[in-house]
Amino acid sequence: MSFDTDVLISGAGAAGLTLAIDLARRGVSFQLIEQNGQPFNGSRGKGIQPRTMEIFEDLGIVDRMAAAGGSYPPLCQYRPDGTHTVSLLTEADLFPTAAEPYAAPLMLPQFATEAVMRERLAELGHYPHFGTQLTGFEQDAHGVTARIEEKGREQVIHARFLVGTDGGRSFVRHALAIDFPGEALGVRAIVADVRLEGLDRSAWHRFQLDTPETQVMICPLAGTDLFQLQAPVAMEGEIDLSPAGLTALIGARTGRRDIIVRSVSWSSVYVMSARLADRYRVGRVFIAGDAAHVHPPTGGQGLNTSVQDAYNLGWKLASVLAGAPEALLDSYEAERRPVALNMLRLSTRLLGEAKQGTMRRDREARQLDLGYRGSSLNVPGSVNGKVQAGDRAPDAPCCGQAGQQTRLFTIFKGPYWTLLGYQPRDRPSAIAGIRIVTVGTGQELVDDGGHIAEAYGFQPGQWVLVRPDGYIAGIFSSDELKPRLSRYFAHVLPSRPTVTFGGS
């Protein structure tokens with residue numbers, strides 16, 4: 001079979017765009033299609049967690065994201081007697097550190113997040129195909145034959161892989177007959193982006209006159225002149241989402257008549273549920289993002305988990321397409337599904353707390369501690385210390401031998417593996433696809449502030465292997481380096497290099 005593209009991506013939301021950007025920078029051919037005729041224009045996911053900020057740095061868009069958004073405002077909670085309290089959603093002493101350069105979540109409405117991602121994709125020479133619907137597909141051992149429809153015309157595309165990033169009602173998931181078990185959470189809610197008067201933009205306003213059913217939350221959306229309105233509603237019946245209807249709802253739930261909705265730019269009524277797909281892969285077809293997991297919006301977890309699904313899958317697809325063993329793709333579901341299961345538990349717990357008036361976002365929500373310690377991709381017998389195989393690789397400021405300040409995240413950036421040696425005795429010869437960097441006297445990097453040693457707990461002569469997605473694959477001594485890497489790379493790299501040291 002001749003192929004039209006390597007990867008067909010169905011769904012151009014945050015997960016699909018992340019995958020497309022990652023494949024584009026790796027030189028992998030793909031097509032990104034979206035059945036809707038235009039980009040999503042709502043704020044549904046508005047929180048970018050610190051771990052996702054790190055991913056956006058690697059993809060070259062973190063500064064654009066930060067410029068387009070802003071920090072979360074304090075929470076102002078109004079009591080039935082008219083008094084109110086103001087509190088922070090996160091700890092007051094939340095500051096960046098050497099190892100964690102992004103401390104607090106960024107507020108950026110989903111439509112703005114995806115606009116930045118489309119701009120980055122365009123820089124790389126690619127665009128989503130809007131108004132293009134996947135209508136069916138078949139697969140065999142070599143590829144996927146997909147049927148797509150655009151403007152009433154059907155076309156057949158032959159791709160090596162298909163990835164469904166097509167949302168909670170995923171056509172791809174249904175076509176694969178993947179079960180989507182879970183539970184309805186008994187909450188129906190509205191979310192709307194509105195222009196209103198009567199509230200200032202310095203706080204996230206939360207009113208609850210009596211029961212959880214009488215809540216209404218109105219949050220200024222950073223980088224816009226909009227507010228996001230959220231409120232539970234009755235499980236049955238029509239909801240008036242007009243400016244007059246939403247003004248009436250706010251008045252009934254706040255007792256105030258001075259809050260007036262002037263216009264509605266986007267709105268949705270939905271029933272909350274928590275569901276997780278039984279499988280993320282069937283043959284040469286994968287699902288990612290909301291196609292694989294849906295959950296309540298509490299805690300700002302969903303868009304972030306979707307981005308990280310795609311970021312995990314992208315480098316593995318690229319490596320297999322370049323000749324790595326296809327067994328590498330089995331690690332996608334094995335690594336990402338447990339993360340989604342824990343995310344569903346967290347967002348469901350936070351929903352229960354929100355009903356009772358508690359809205360706190362602790363470290364767990366920031367996703368910096370997520371990892372893959374049980375992964376099959378971890379190098380067997382790795383040294384366990386301050387960090388372990390499967391952990392997120394910490395950042396650290398340092399200095400280049402030429403005198404310029406830099407950071408480990410700058411060293412890790414790009415579609416490569418990184419082999420980092422701390423005061424090594426010798427250095428491996430070049431390995432295709434591996435960036436080899438050494439730290440110490442007479443080496444490329446100088447740990448002038450001791451931040452690298454502090455973050456990793458390094459001993460002289462130790463090496464750490466960092467995956468393309470910024471997680472540690474293994475830590476080992478110089479004596480172990482050659483045999484361990486030779487065996488390991490046979491399973492993850494397109495070629496199977498023999499690891500040698502200069503002069504040997």
Donor-acceptor list for residues 172-181 side chains, cut-off 3.5 Å, not counting sequence neighbours:
{"unit_1": "Arg173", "atom_1": "NH1", "unit_2": "Gly168", "atom_2": "O", "d": "3.1"}
{"unit_1": "Arg173", "atom_1": "NH1", "unit_2": "Ala291", "atom_2": "O", "d": "2.8"}
{"unit_1": "Arg173", "atom_1": "NH2", "unit_2": "Gly168", "atom_2": "O", "d": "2.9"}

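Between Gly47 and Tyr72, the shortest heavy-atom contact is CA-OH, 3.1 Å. In terms of heavy atoms, Ala430 sits closest to Ile436 at CA-CD1, 4.3 Å. The minimum heavy-atom distance between Ala14 and Leu303, with the atom names listed, is CB-CG, 3.9 Å. Here the closest non-hydrogen pair linking Arg284 and Ala141 is NH1-O, 3.3 Å. A pairwise comparison of heavy atoms in Ala274 and Thr348 identifies CB-OG1, 3.9 Å as the closest pair. Residues Arg118 and Pro128 come closest through the heavy atom pair CD-CG, 4.1 Å.
A salt bridge links Asp58 with Arg25: at least one charged nitrogen is closer than 4.0 Å to a carboxylate oxygen. A salt bridge links Arg467 with Glu335: the distance from a Lys NZ or Arg NE/NH1/NH2 to an Asp or Glu carboxylate oxygen falls below 4.0 Å. In summary, Glu326 and Lys316 do not engage in a salt bridge, as defined by a charged side-chain N under 4.0 Å from a carboxylate O. Here Glu54 pairs with Arg51 in a salt bridge; the nearest charged N to carboxylate O distance falls below 4.0 Å. With respect to the salt-bridge test (charged N to carboxylate O, under 4.0 angstrom), the residues Glu333 and Arg337 do not qualify. At a threshold of 4.0 Å, the pair Glu123-Arg64 counts as salt-bridged, since one of the basic side-chain nitrogens sits closer than that to a carboxylate oxygen. Between Arg425 and Asp479 there is a salt bridge, since at least one side-chain N of the basic residue sits less than 4.0 Å from a carboxylate O of the acidic one.
Residue Asn41 qualifies as enclosed at atom CG: its count of foreign heavy atoms under 6.0 Å is above 12. The 12-atom threshold is exceeded at CZ of Arg349, counting heavy atoms of other residues, nucleotides or ligands nearer than 6.0 Å. Under a cut-off of 6.0 angstrom, the local environment of OH in Tyr416 is sparse, with at most 12 non-hydrogen atoms contributed by other residues, nucleotides or ligands.
Between the side chains of Thr145 and Gln139, no donor N or O sits under 3.5 Å from an acceptor N or O. A donor and an acceptor atom, one from each side chain of Trp463 and Ser478, are located under 3.5 Å apart. Neither side chain, Tyr102 nor Gln49, offers a donor N or O lying under 3.5 Å from an acceptor on the other. Judged by distance alone, the side chains of Ser43 and Gln228 do bring a donor and an acceptor atom under 3.5 Å apart. Checked by atom type, the side-chain pair Thr135/Glu149 shows no donor-acceptor distance below 3.5 Å. No hydrogens or angles considered: nothing links the side chains of His451 and Asp395 as a donor-acceptor pair under 3.5 Å.
Contact check for Gln388 versus Ile475: no side-chain heavy atoms found under the 4.5 Å cut-off. Side chains of Leu19 and Val163 form a contact here, defined as non-hydrogen atoms less than 4.5 Å apart.
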Trace of the side-chain contact (heavy atoms from CB on, under 4.5 Å) decision for Thr224 with Phe111: CA-CA 11 Å; Thr224 77; Phe111 65 81; 4.0 Å; yes
Derivation of the salt bridge (Lys or Arg N to Asp or Glu O under 4.0 Å) call for Glu444 and Arg435: CA-CA 12 Å; Glu444 294 150 84; Arg435 181 186 283 130; over 6 Å; no
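With Met65 as the fixed residue, the side-chain contact (heavy atoms from CB on, under 4.5 Å) test singles out one of Thr52, Thr113, Ile48: Thr113. Residue Arg147 is tested with Glu138, Glu154, Gln155 for a side chain to side chain donor-acceptor pair (under 3.5 Å); the sole match is Glu138.
Between the side chain of Ser486 and the main chain of Lys482, a donor-acceptor pair closer than 3.5 Å is present. Listed for the Asp447 side chain is a donor-acceptor partner under 3.5 Å among the backbone atoms of Ile452.
Relative orientation of the Phe161 and Phe286 rings is tilted, given thresholds of 30° and 60° on the angle between their planes. By the 30° and 60° cut-offs, the orientation of the rings of Tyr280 relative to Tyr332 is tilted.
Residues satisfying the side-chain contact (heavy atoms from CB on, under 4.5 Å) test with His129, not counting sequence neighbours, are Ile33, Thr132.
Residue pairs meeting the ring-ring contact (aromatic ring centres under 6.0 Å, His included) criterion with at least one member in residues 25-68, sequence neighbours excluded, are Phe30-His126, Phe40-Trp266.
A cation-pi arrangement is absent between Arg392 and Tyr471, since the terminal nitrogen or guanidinium carbon is not both under 6.0 Å from the aromatic centre and inside a 45° cone about the axis.
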